[in-house]
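Worksheet: one structure, shown below.
As a basis for the values below, the full set of heavy atoms in this structure was taken, side chains included, without hydrogen atoms, waters or symmetry mates. Please read these numbers as outputs of a predicted model, since none were measured by experiment. Sequence positions, counted from 1, serve as the residue numbers for this chain.
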Amino acid sequence: MVGAVGCLYLIVTGAPLSAAGPVILVVAVAVVLHGRSLRQARDEAIGIIEDEDPADPDATGGIAEAVRDRVSTERLTSARPAEDLRRTIEAAAMGLLILAPDGRVAASAGAIADLVAPGTVPRMKNLEALELVEEVRTTGEVSSDTIIMGTRGRSYQWVVSPLEDGHLGAVITDVTELDRVQAMRRSFVIDASHELKTPIASIQAGAGALELAIGKDDEKARHFARRMEEQAERLGRIVTDLLDLSRLESIPAQLEPVNLSSVVRVEVDAVRHEATEAGVDLSEEVEEVQISGVEGDAGLAVGNLLRNAIRYTPEGGSVVLRCFERDGRALVEVEDTGVGIPQSDQELVFHRFHRVDAARARDTGGTGLGLSIVRHVAGVHGGSVSVSSVVGQGSTFTLDLGVVSTDANSG
């Protein structure tokens with residue numbers, strides 16, 4: 001099978017290229033598919049010719065008409081692969097180049113190719129790309145590299161392959177988003193490792209101190225035992241939140257009818273004792289609202305918002321939860337009279353492990369993952385989460401859980 005670059009060169013320039021290197025063949029699938037329609041047109045024309053009676057004076061006209069139909073069909077069909085190839089390349093955020101021996105861009109396809117040879121000047125300008133091309137021209141081996149190009153500084157993966165007659169083929173793919181995701185994963189692993197190390201170190205230190213205190217100072221022994229238990233619980237919460245995040249990001253949600261009002265009331269009851277112990281007044285204003293969603297995840301998000309509000313509200317303060325419908329959307333608001341969030345941190349609080357006050361969050365048992373989980377749950381339900389806050393006066397988190405449903409269960 002002719003390689004993708006060879007097909008592109010033939011289609012764009014009309015000049016044959018005897019062979020193409022091993023540069024991504026998938027875009028040549030369109031050419032192969034259209035071979036089927038070409039064969040069908042040929043077979044139909046041959047069938048008409050074979051059915052004609054040579055003794056019939058009208059036979060010649062029928063044969064001629066069959067030949068004309070076949071030629072017309074082949075012309076129309078053969079023009080389609082070029083357009084299909086171009087559309088495939090555009091959709092895949094790719095660019096294909098054929099480079100002549102003198103360095104000119106002999107043929108190109110895809111919007112990315114415009115970054116390489118803009119305007120009417122058919123020569124590459126990027127120095128890193130030129131070095132990669134020269135390396136392939138010198139070694140005769142396929143080579144690849146990631147190159148930053150364009151005014152927006154996006155990352156592009158280049159794969160350059162030697163062809164025959166001194167030509168080179170290049171496939172260019174935009175990998176900016178892939179690089180961004182990989183960087184986020186690296187950052188996440190580093191942050192998670194740091195968060196896990198803190199309770200582990202505390203447990204290790206407490207175990208050593210407990211061993212020394214046993215039989216000598218029972219009060220100190222009990223203190224170290226309590227600290228170890230607290231840190232072990234915190235470690236368990238971090239692991240649980242990590243697992244929840246992983247599930248939300250990787251497993252498609254199965255939406256079902258959900259009575260959001262019931263879910264909200266259950267979560268309020270579940271944290272009421274925490275609010276009482278913290279000296280925080282907890283109240284609710286719940287309207288009947290139904291959604292199509294995931295009951296457990298909706299409860300997880302509401303519970304995280306409530307615990308976050310209680311955690312950052314001083315003794316004597318208050319937390320109010322409201323559940324209501326507005327403009328056909330299901331909304332949950334959690335308002336507190338807590339410490340508030342600076343304007344510069346109000347978008348960042350939904351990022352993994354971001355804390356406005358890291359020391360306070362660790363003291364109160366926060367994992368730094370709760371609001372990130374809330375954001376993912378909102379996204380699963382086709383909604384969003386936002387915060388409005390004034391330092392020293394409190395915060396209001398608004399959770400949008402998507403379009404209100406009329407089909408949810410009432411229980």
**Asked** Which heavy atom in A330 sits nearest to a heavy atom in V404, and how many Å separate them?
**Response** N-CG2, 3.6 Å

**Message:** Tell me every residue that passes side-chain contact (heavy atoms from CB on, under 4.5 Å) with T146, counting only those two or more places apart in sequence or in another chain.
**Reply:** S155, Q157, V175, D179

**Item:** Rounded distance (nearest 0.5 Å) linking atom OG1 of T313 with atom CG of N308
**Value:** 8.5 Å

**Complete:** Sequence neighbours excluded, the answer for side chain to side chain donor-acceptor pair (under 3.5 Å) partners of N304 is none

**Message:** I'd like to know if the side chain of Q290 and the backbone of P257 have a donor-acceptor N/O pair within less than 3.5 Å.
**Reply:** no

**With E284 via side chain to side chain donor-acceptor pair (under 3.5 Å) - residues at least two apart** = R272

**Prompt:** Of L163, V136, L97, L132, which meets side-chain contact (heavy atoms from CB on, under 4.5 Å) against L168?
**Reply:** V136

**Item:** Derivation and outcome, side chain to side chain contact (heavy atoms under 4.5 Å, CB included), residues L348 and D345
**Value:** CA-CA 5 Å; L348 298 175; D345 286 307; 4.0 Å; yes

**Fill in**
Residue set satisfying side chain to side chain donor-acceptor pair (under 3.5 Å) with E219, at least two apart, ordered chain then number -> R222

**Complete:** By salt bridge (charged side-chain N to carboxylate O under 4.0 Å, His left out), D102 pairs with (sequence neighbours left out) R104

**Message:** Counting C-beta onward and ignoring hydrogens, is there a side-chain heavy-atom pair between L321 and V302 closer than 4.5 Å?
**Reply:** yes

**Message:** For the backbone of L255 and the side chain of H381, can you confirm whether one donor and one acceptor N or O come within less than 3.5 Å of each other?
**Reply:** no

**Message:** Whether the side chain of D174 engages the backbone of T176 through a donor-acceptor N/O pair (distance < 3.5 Å, no angle test) should be reported.
**Reply:** yes

**Message:** In the structure I gave you, are the side-chain heavy atoms of L401 and V258 within less than 4.5 Å of one another anywhere?
**Reply:** no

**Request:** Find the distance between OG1 (T139) and CZ (R137) and round it off to the nearest 0.5 Å.
**Result:** 11.0 Å

**Prompt:** How long is the gap from CG on L282 to CG on D336, to the nearest 0.5 Å?
**Reply:** 11.5 Å

**Message:** Suppose the criterion is salt bridge (charged side-chain N to carboxylate O under 4.0 Å, His left out): which pairs have a residue in residues 392-403, not counting sequence neighbours?
**Reply:** R329-D400

**Fill in**
Value for CD (Q343) from CD (Q346), rounded to nearest 0.5 Å, stands at 4.5 Å

**Minimum heavy-atom distance V332-V264, with the two atoms named** = CG2-CG2, 4.1 Å

**Request:** With sequence neighbours excluded, tell me which residues meet side chain to side chain donor-acceptor pair (under 3.5 Å) with E285.
**Result:** R322

**Asked** Which atoms form the tightest heavy-atom contact between A298 and V263, and what is the distance?
**Response** C-CG1, 4.1 Å

**Message:** To check you understand the geometry: which heavy-atom pair defines the closest contact between G394 and S389, and what is its length?
**Reply:** O-OG, 3.0 Å

**Prompt:** How would you list, by chain and number, every residue that makes a salt bridge (charged side-chain N to carboxylate O under 4.0 Å, His left out) with E295, sequence neighbours excluded?
**Reply:** none

**Item:** Atom CD of E287: over 12 foreign heavy atoms under 6.0 Å
**Value:** yes

**Message:** Taking the side chain as everything from C-beta on, heavy atoms only, tell me whether V105 gets closer than 4.5 Å to L99.
**Reply:** yes

**Message:** Could you work out, with side-chain contact (heavy atoms from CB on, under 4.5 Å) as the rule, every residue matching S318, not counting sequence neighbours?
**Reply:** D281, T337

**Request:** With rounding to the nearest 0.5 Å, note down the distance linking CD in E325 to CD1 in I291.
**Result:** 12.0 Å

**Message:** Determine whether V385 and F350 satisfy the following criterion, side chain to side chain contact (heavy atoms under 4.5 Å, CB included), listing intermediate values before the conclusion.
**Reply:** CA-CA 9 Å; V385 62; F350 299 105; 3.4 Å; yes

**Complete:** Residue pairs meeting salt bridge (charged side-chain N to carboxylate O under 4.0 Å, His left out), one or both in residues 254-268, sequence neighbours left out, come to R265-E288

**Prompt:** Sequence neighbours excluded, which residues qualify as salt bridge (charged side-chain N to carboxylate O under 4.0 Å, His left out) partners of D297?
**Reply:** R247

**Partners meeting salt bridge (charged side-chain N to carboxylate O under 4.0 Å, His left out) with E274 (sequence neighbours left out)** = R307

**Prompt:** Do L371 and F397 pass the side chain to side chain contact (heavy atoms under 4.5 Å, CB included) test, and can you show the C-alpha distance, the side-chain angles, and the key distance before you say yes or no?
**Reply:** CA-CA 10 Å; L371 293 179; F397 285 84; 4.0 Å; yes

**Request:** Might you point out which heavy atoms bring S292 and S405 nearest each other, and give the distance in Å?
**Result:** N-CB, 3.7 Å

**Asked** Any idea which heavy atoms bring G338 and P314 closest together, and the distance?
**Response** CA-CD, 3.8 Å

